[in-house]
Trainee: 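Below is one structure. I have some questions about it.
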Amino acid sequence: MSSYSKLIIFILALIVISAAIVLIDSSVDNINKTMPDISNSIVEGDSEYNEAVQLVNDKYYSDSMNKAISAGNNYNNSLHKLQDIKTEFSKDINDVQNKYIDTVITELELKIQAVDKLKEAIECFKVHSNSTGTNYASEANDLIYEATTYQNQRDTIVKENQNLFKQNFII
């Protein structure tokens, strides 16, 4: 094999390695860019959920329903973005980050179920079916309580693996 052929093979190998590094860096960058949006949507969803509960307690059912719908939209937005990250970047996510994402996904699924129960409660309260509405509200509360367990788990994952999580990756 001539030295010219070896040089060509060496250059091609460098190009392939460089492309792989760029793709890995860009996928991590994409994940890091998406995480603040996910975090903001969860925080906004939590705030709107709490406002919806307060509005239900104050008997402002229409406003409460609007807040509950908005909370659900925020949770769903975050859930879909996390599922996309898992699908598109699964090869670039290590086991700890994968566990973290799975934990947040479970938390969001529970919060979405809680929103659905809260909306059912609101509908019941609107028509003065208070006993049924109270049951739905209690189920929503139980789901939110369970979701906080997962929220605490993700906080623990970050504390135990601080070197793996950039500030932007944390929700």
Side-chain angles (χ1 to χ4, degrees), residues 9-54 64-121 136-171:
I9 291 171
F10 178 74
I11 290 173
L12 289 175
L14 282 177
I15 290 172
V16 169
I17 291 170
S18 297
I21 290 171
V22 168
L23 289 175
I24 289 172
D25 284 344
S26 66
S27 64
V28 170
D29 287 343
N30 284 333
I31 293 170
N32 286 335
K33 287 177 188 172
T34 305
M35 292 313 254
D37 291 338
I38 293 168
S39 178
N40 290 339
S41 288
I42 293 172
V43 169
E44 186 67 24
D46 290 345
S47 175
E48 290 171 333
Y49 183 88
N50 291 333
E51 288 177 41
V53 169
Q54 185 59 50
S64 178
M65 182 63 80
N66 290 336
K67 287 292 182 179
I69 290 169
S70 185
N73 290 341
N74 274 298
Y75 293 146
N76 275 306
N77 181 36
S78 292
L79 178 63
H80 293 301
K81 286 181 180 179
L82 283 169
Q83 290 169 333
D84 288 346
I85 287 172
K86 262 189 85 85
T87 302
E88 293 176 27
F89 305 112
S90 63
K91 295 175 184 162
D92 302 324
I93 299 171
N94 67 36
D95 289 338
V96 173
Q97 291 166 326
N98 194 44
K99 182 178 178 183
Y100 177 85
I101 290 171
D102 286 341
T103 301
V104 179
I105 287 172
T106 302
E107 173 190 343
L108 287 168
E109 290 170 341
L110 289 166
K111 287 181 176 182
I112 290 166
Q113 290 175 33
V115 166
D116 291 342
K117 292 296 180 183
L118 180 60
K119 291 190 299 192
E120 290 181 57
Y136 283 127
S138 179
E139 289 177 39
N141 189 50
D142 291 345
L143 289 163
I144 287 295
Y145 180 77
E146 189 177 349
T148 59
T149 302
Y150 287 93
Q151 186 174 346
N152 292 336
Q153 284 180 9
R154 72 172 151 98
D155 291 342
T156 300
I157 292 169
V158 171
K159 286 177 187 171
E160 290 175 354
N161 300 281
Q162 290 180 2
N163 59 324
L164 293 177
F165 292 94
K166 291 183 178 181
Q167 187 60 35
N168 291 343
F169 191 85
I170 302 168
I171 295 175

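Only this structure's heavy atoms are used, side chains among them; waters, hydrogens and symmetry mates stay out.
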Trainee: Minimum heavy-atom separation for Val158 and Tyr100, please, with both atom names.
Mentor: CG2-CE1, 3.5 Å

Trainee: Hey, what do you get for CG (Leu79) to CG (Asp84), rounding to the nearest 0.5 Å?
Mentor: 9.5 Å

Trainee: Please tabulate, one pair per line, all N/O donor-acceptor pairs under 3.5 Å involving side-chain atoms of residues 102-112, not counting sequence neighbours.
Mentor:
from   : atom 1 : to     : atom 2 : distance (Å)
Asp102 : OD1    : Lys86  : NZ     : 2.7
Thr103 : OG1    : Lys99  : O      : 2.8
Thr106 : OG1    : Asp102 : O      : 3.0
Glu107 : OE1    : Arg154 : NE     : 2.7
Glu107 : OE1    : Arg154 : NH2    : 3.3
Glu107 : OE2    : Lys111 : NZ     : 2.9
Glu107 : OE2    : Arg154 : NH2    : 3.1
Lys111 : NZ     : Asp46  : OD1    : 2.8
Lys111 : NZ     : Asp46  : OD2    : 3.2

Trainee: Would you be so kind as to tabulate the donor-acceptor pairs closer than 3.5 Å made by side chains of residues 141-148, with sequence neighbours excluded?
Mentor:
from   : atom 1 : to     : atom 2 : distance (Å)
Thr148 : OG1    : Tyr145 : O      : 2.5

Trainee: Using every non-hydrogen atom in the two residues, find where Ala52 and Ser64 come nearest and quote the distance to one decimal.
Mentor: O-OG, 2.8 Å

Trainee: Please report the shortest heavy-atom distance between Val115 and Ala71, naming the atom on each side.
Mentor: CG2-CB, 4.2 Å

Trainee: Which heavy atom in Lys119 sits nearest to a heavy atom in Ala68, and how many Å separate them?
Mentor: CG-CB, 3.8 Å

Trainee: Between Asn73, Asn76, Asn77, which is the residue that forms a side-chain hydrogen bond (donor to acceptor under 3.5 Å, both in side chains) with Ser41?
Mentor: Asn77

Trainee: About how many Å separate OH of Tyr75 and CD1 of Ile42, when rounded to the nearest 0.5 Å?
Mentor: 8.5 Å

Trainee: For residues Thr87 and Gln83, is any side-chain donor paired with an opposing acceptor at under 3.5 Å?
Mentor: no

Trainee: Tell me every residue that passes side chain to side chain contact (heavy atoms under 4.5 Å, CB included) with Asn94, counting only those two or more places apart in sequence or in another chain.
Mentor: Val96, Gln97, Leu164

Trainee: If you round to the nearest 0.5 Å, how far is OH of Tyr49 from CD of Glu44?
Mentor: 16.0 Å

